[in-house]
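Written out below as structure tokens is the structure these notes cover.
Per chain, numbering begins at 1; letters A, B, ... match sequence-line order.
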Amino acid sequence: MKDKKTFYITTPIYYPSDKLHIGHSYTTVAADAMARFKRLTDYDVMFLTGTDEHGQKIERIAKENGVTPKEYVDRIVAGIKELWKTLDISYDHFIRTTDPEHQEIVQKIFKKLYDQGDIYKSEYEGWYCTPCESFWTEIQLSEGKCPDCHREVELVKEESYFFKMSKYQDRLIKYIEEHDEFIQPNSRKNEMLNNFLRPGLEDLCVSRTSFKWGIPVTFDEGHVIYVWIDALSNYITALGYLTDDDGKFRKYWPADVHLVGKEIVRFHTIIWPIMLMALGEELPRQVFGHGWLILEGGKMSKSKGNVVDPVILEKRYGLDALRYFLLREVPFGSDGVFSNEALVNRINSDLANDLGNLLSRTVAMIDRYFDGVIPAQAELEEVDRDLIQLALKTPRKVEELMDELLFSNALAEIWRLISRTNKYIDETMPWVLAKSEEQRPRLGTVLYNLAESLRIISVLISPFMPGTPKEIIKQLGIEGDDTLKTWKSLSDFGKIPAGIRVSKGEPIFPRLDVKKELEELEKNLPTQAKAEDQKDDKGQKTDEEKKEEAEEVSEITIDDFAKLDLRVARVIAAEKVEKSDRLLKLQLQVGEETRQVVSGIAEHYSAEELVGKDLILVANLKPVKLRGNLSQGMILAASDKDGKLSLVTTDRQIESGSSIT
RNA sequence: GGCGGCGUAGCUCAGUUGGCGAGAGCAUUCGGUUCAUACCCGAAGAGUCAGCGGUUCAAAUCCGUUCGCCGCUACCA
């Protein structure tokens, strides 16, 4: 017996600091469709997803919630698994970085890399500014002092482990250049090469002593393994790498594709491959960075409410409609706009009108003309052959497209067949045939071909829409026969046995009242944040995010407020800071005094339009040097979720220097 | 500032290595049909293929340039 070909596909492991949203669902649904497709086409599939559960952020949130980190993530993970169940995600394994097996292997990997000299202990040496609690590199210092507060800094050393990324960079560059399919889509490849690899990599700090919630470094107490080695290695620890039971690793590795959001392509195409090189293992065949679902909004005409909770959509429209929309609407590599209107329109035109109605009319005609029994095929005519030819050709096309992860195109191809089948009804006009007795065989042939086309369609859509095929098959009366559901069965047209009794059911996709739906969706769903939400997939917290974490809003007292010295300041001059896209240098009149403030608003305001405006200045902010320019305070601006800025000004003319109370 | 990408019918987008009169889906209008979920089928609609300038017998497709949008990155509240 020949071994089946294997196919290993992964999603990122998600960071369970909060509930998941449509972006995570998007990645996971896509991976699921692919996994199902490969199973259908007779691959031995390994589909992995999971959660990345360590790190400071979770440690902190758990503490705030008064539970242990493990208790906290257990709760969230249960919710995630529930969500995947709702979306019918057919993963083969769900890995958690808190699994003991995972932790043990990560420790082995860390040790191995250490023993072979790829991880080394060093000092994180930097200039430390005690008041700011910040490290600075030599270059960042301004005139030998803290660039933030301009005070003295001291040279401090802190122990950390580092991974020798630099050692492998040339090999990786070569690899990427020689393997065109490795980073997809292609534009991502250039970004990695040009922005990171060619300029040169720095060694990566892979341990922390500042928090405890992580996998301990076995040979050095106090150090925990930081996200990179912990999280990325899930793709092989899940297969039993470095254990006695590594059969899965030997069978499935290298992965065929790591599906990731475009925001984490970097980690998967630089750090991860280098880890694998250091371990002497093969690299994954492909890292595919898909785009984001951008929520509609911002357009001036109407700002519509946005729906992003997949559970709500699933409840309202059914899982298959949601999955269909996600996979059909947006070309997988690029960003796409998610709008309620597009969703409802897709459901109506593609699912209700084309597919659902095709099933309805077919079954209704078999009912009416043949008392619900599928008739036998008689002689074929030209139209029949045309339809059959397309039906037989479509699976091959779908397979080709799926191999390139072109879900949307694959679905379009299937819908081409659905359209052709609808057209076939018009061409053959069964209601006319039904009028004469001698046309009976012909009528039977037509209806048979319709039923068989629907069977083929139901197999074709099954990876994308796990529920609908069952319903189609049931209405066709063939649910008992599994041989009619296989990919292989698509190579022949004429599999459905004649004489089967159909059973007409409800429309599988009821038509929606667009206007009503939009109103409904808009009213009960708050607008949620968009792209930003899709970022925190994998513990790949950026510095920016870490800063955000520190900025949690909590209650303050009036005394706290009093610490701020807010003043009205009039702009007397403004100019763009050279070599900077965002910075404007403002001269402000604050009472008697003149101040210079550098502000990151150049993308929202031109220098000219600012002059003469009265703004609100935080006057007692520590002075900072930005891009070589002294900034004495900052001006206030409102910022919406898209990052659009609007400067704060005064309602009436008032003397500059007036204080805000 | 550096690197990369994009700008094609009202909307969303296809357009291989340059070549018969520029396409699909949705929406719109008209016609057909009645088996069906007011559905399906057909037809129509000219969009300076962002602008300009080149290369070529021939460019949406190659080169240069301008404008607009976006991504990554640097600098940065």
Salt bridge or not for R416(A) and E413(A), using N-O below 4.0 Å?
-> yes
Lys/Arg N to Asp/Glu carboxylate O, R188(A) vs E191(A), below 4.0 Å = yes
Please measure how far the [atom1] atom in [N] lies from the corresponding atom in [M], and state the result in whole Å.
N       : M       : atom1 : answer
rA59(B) : rU16(B) : C1'   : 15 Å
rG1(B)  : rG23(B) : C1'   : 40 Å
rA9(B)  : rA50(B) : P     : 9 Å
rU12(B) : rC52(B) : P     : 23 Å
rU17(B) : rC6(B)  : P     : 13 Å
rG4(B)  : rC76(B) : P     : 24 Å
rC13(B) : rC49(B) : C1'   : 13 Å

Starting at the 5' end of RNA chain B and moving along, which residue's nearest nucleotide shows up first, V432(A) or F196(A)?
-> V432(A)
Both distances below 3.5 Å, Watson-Crick or wobble geometry, any strand: find the nucleotide opposite [N].
N       : value
rG42(B) : rC30(B)
rC49(B) : none
rG68(B) : rC6(B)
rU61(B) : none
rA24(B) : rU12(B)

How far apart are the closest heavy atoms of I500(A) and L476(A), and which atoms are they?
-> CG2-O, 3.4 Å
Of all heavy-atom pairs linking M192(A) and T269(A), the shortest is CG-OG1, 3.5 Å
Send over the distance from [X] [atom1] to [N] [atom2], rounded to a whole Å.
X       : N       : atom1 : atom2 : result
L343(A) : rC26(B) : CG    : P     : 17 Å
D354(A) : rA24(B) : CG    : C1'   : 14 Å
N409(A) : rU12(B) : CG    : P     : 18 Å
L359(A) : rC40(B) : CG    : P     : 14 Å
L433(A) : rU33(B) : CG    : C1'   : 14 Å
D513(A) : rA38(B) : CG    : P     : 13 Å
F370(A) : rC35(B) : CZ    : C1'   : 13 Å
E413(A) : rC13(B) : CD    : P     : 20 Å

Residue-phosphate contact under 4.0 Å: [X] side-chain N/O, [N] OP1/OP2:
X       : N       : answer
K423(A) : rG42(B) : yes
R416(A) : rA24(B) : no
R266(A) : rU73(B) : yes

Is the backbone of [Y] close enough, under 3.5 Å, to the side chain of [X] for a donor and an acceptor to pair up by distance?
X       : Y       : answer
N348(A) : L512(A) : yes
N449(A) : I388(A) : no
Y317(A) : F509(A) : no
R501(A) : D371(A) : yes

Per [X] side chain, nearest of listed nucleotides [options]:
X       : options                   : answer
S349(A) : rG71(B), rU37(B), rC26(B) : rC26(B)
I508(A) : rG71(B), rC35(B), rU37(B) : rU37(B)
E191(A) : rC40(B), rA36(B), rG71(B) : rG71(B)
N353(A) : rC40(B), rC41(B), rC35(B) : rC40(B)
W431(A) : rC40(B), rU37(B), rU33(B) : rU33(B)

Using a 4.0 Å heavy-atom cut-off across all strands, classify [X] as base, sugar-phosphate, or nothing.
X       : answer
P510(A) : base
L358(A) : nothing
A352(A) : base
F509(A) : base
N345(A) : nothing

